[in-house]
Amino acid sequence: MSNTGVADNILDVEKIRKDFPILTQSVRGKPLIYLDNAATTHKPNAVIERVRKFDAEEYGTVRRGAYKLSETATQLYEEARQKVADFMGAEKKGEIVFTSGTTQSINLVAHSFGKRFINEGDEIIISNIEHHANTVPWQVLCEDRGARLKVIPVNDDGELVMEEYEKLLSPKTRMVAINHVSNALGTINPIKEITEKAHAVGAKVLVDGAQSTPHMKVNVQDIDCDFYTFSGHKMYGPSGIGGVYGKMDLWEEMPPYVTGGDMIMQVTLEKSTYAKPPARFEAGTPPITQVIGLGAAIDYLDEIGLDKIADYENSLLEYGTRLFKEIDGVRIIGNARHKASIISFYIDAAHPHDVVTLLDQDGIACRGGHHCAQPTMIRYGVPATTRASMAFYNKPEELDALAESVKKCIRFFS
Ligand code: PMP
């Protein structure tokens, strides 16, 4: 244990940092301190090199050609799907549908599940601390189908009020769509309990896993959710790739969302029939290289171990929270008992946009804004927050530097 209290026997962070070439650079003459991992994460050499090798030596289209390059690419592509399935604890690899990321995943489910299962008078439940990607698609669906959107409130610490959730559930509830981890506050939601209660009234559950998959071990069968989404660029993999797990019996009943090549069984000029899942939901040429890169990112995370990652990041979170609580003039927004490594804070003296501009002068990359969670900002009475989001390559010394820079900022604006 170092004098910061952050456990230094869980991971060899200095060794891990050498895997990430981007972290060695300086910004404005200072060593880069990257604390915007909830927005996007950086890539280890294992991913960069795997993508380079694939493009240089193995690239070909998938699911079509009968020649060697295409066969190899198809095999690697399907191996990556298996890696994702194992990573998330899915029973069958075909339950994983690749998309461009969580946004497209939720739109896919909202459209396709909605078309098949949502009718006038039905109800969908979200919470007050969702990303817009898990809000707007359900609003649009409700408008289209004459359904009603209900919202679980949160308490002052950023936790869902579970008694209110229970009151919102009814036999009319068709879908409960909740994030596993809130990107704006860091709250870890009790999704297993949420799922159990939703299933008790016959509703299905979609979990937005954009912020959980990089930070904790997830098992979709244990949670028993019906859908679970993820984004590759938040998991140390490439951007433009992600996906959604869904239970096979549901996928089989759902119509396609995007149509065209590769998702059909047969096409005549009069009528088309559709392929089985997952192909039914993967029209067109997929982001092949990005899928291979995602597979390499999962190998990398598995090698380090998600349990160790979670333990180390919790330790960082505790240290950072302690530092921030000691700074006069800083208010932490989101103090849930169960949190992932995100500290969202507000300084009365300055707008977060100004705060992050000053932090940048010290080489510190933090996000200032509403984090695509405007209803959350409204709930806590702030226009925006400054957010430090940590990864396993961050060090306690970086949080010391952040705290000093924030103090400087308060002095500057006061
Ligand atoms: N949900 C949550 C909780 C997120 O944090 C994000 C990304 N900030 C998204 C959804 C959208 O993910 P993407 O931009 O990768 O589609």
Side-chain angles (χ1 to χ4, degrees), residues 34-43 84 88 97-111 126-140 151-152 154 158 160 176-189 191 194 205-216 218 225 227-245 257-258 281 286-287 290-291 293-294 297 313 333-334 336 338-344 352 365-377 379 384-391:
Y34 186 77
L35 291 167
D36 197 15
N37 295 287
T40 201
T41 49
H42 288 297
K43 294 164 197 65
V84 175
M88 296 175 76
V97 169
F98 286 126
T99 66
S100 63
T102 293
T103 302
Q104 199 195 357
S105 295
I106 299 174
N107 274 279
L108 157 62
V109 175
H111 277 80
I126 60 168
S127 87
N128 200 166
I129 51 170
E130 299 306 317
H131 190 280
H132 296 162
N134 199 31
T135 303
V136 186
W138 303 113
Q139 286 174 337
V140 171
V151 181
I152 310 171
V154 278
L160 302 187
V176 177
I178 300 287
N179 62 53
H180 196 161
V181 172
S182 146
N183 67 310
L185 308 180
T187 309
I188 300 177
N189 289 314
I191 48 162
I194 288 170
V205 175
L206 175 139
V207 180
D208 169 353
Q211 294 295 340
S212 48
T213 36
H215 302 294
M216 61 180 73
V218 165
C225 56
F227 301 97
Y228 197 105
T229 70
F230 61 96
S231 294
H233 70 100
K234 295 184 198 282
M235 300 165 65
Y236 310 92
S239 54
I241 184 64
V244 51
Y245 154 84
Y257 169 40
V258 177
F281 303 101
Q290 287 77 359
V291 167
L294 174 66
E313 290 179 352
I333 311 290
H338 301 290
K339 268 186 76 171
S341 52
I342 288 174
I343 302 176
S344 238
C366 272
R367 172 90 182 268
H370 54 60
H371 316 294
C372 300
Q374 284 179 331
T376 313
M377 300 298 117
R379 165 63 180 82
T385 70
T386 306
R387 182 186 67 186
S389 52
M390 295 151 272

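Heads up: numbering here begins at 1 and tracks the sequence. Start at 1 and go down the list; that is how both ligands and their atoms are numbered. Just the heavy atoms: all of them, side chains too, but no hydrogens, waters or symmetry mates, feed the values below.
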- Message: In terms of relative ring orientation, are Y228 and H180 parallel, tilted or perpendicular, with 30° and 60° separating the classes?
- Response: perpendicular
- Message: The test is side chain to side chain donor-acceptor pair (under 3.5 Å); show your working for S344 and T385 and say whether it passes.
- Response: CA-CA 6 Å; S344 238; T385 70; 2.9 Å; yes
- Can you check whether Y236's main-chain N or O pairs, donor with acceptor, with T41's side chain at less than 3.5 Å? yes
- Item | Point-to-point distance, once rounded to the nearest 0.5 Å, from CD1 of I343 to CD1 of I333 | 12.5 Å
- Counting only N and O atoms by type, is there a donor-acceptor contact under 3.5 Å from the side chain of S389 to the main-chain atoms of N37? yes
Contacts table for ligand 1: protein N or O within a distance under 3.5 Å of ligand N or O, distances only.
| from | atom 1 | to | atom 2 | distance (Å) |
| --- | --- | --- | --- | --- |
| ligand 1 | 1 (N) | D208 | OD1 | 3.3 |
| ligand 1 | 1 (N) | D208 | OD2 | 2.5 |
| ligand 1 | 5 (O) | Q211 | NE2 | 2.6 |
| ligand 1 | 8 (N) | H131 | NE2 | 3.3 |
| ligand 1 | 8 (N) | K234 | NZ | 2.8 |
| ligand 1 | 15 (O) | S231 | OG | 2.7 |
| ligand 1 | 15 (O) | H233 | NE2 | 2.7 |
| ligand 1 | 16 (O) | T102 | N | 3.4 |
| ligand 1 | 16 (O) | T103 | N | 2.8 |
| ligand 1 | 16 (O) | T103 | OG1 | 2.6 |

- Assess whether side chain to side chain contact (heavy atoms under 4.5 Å, CB included) is satisfied between V244 and F281, documenting all intermediate values. CA-CA 10 Å; V244 51; F281 303 101; over 6 Å; no
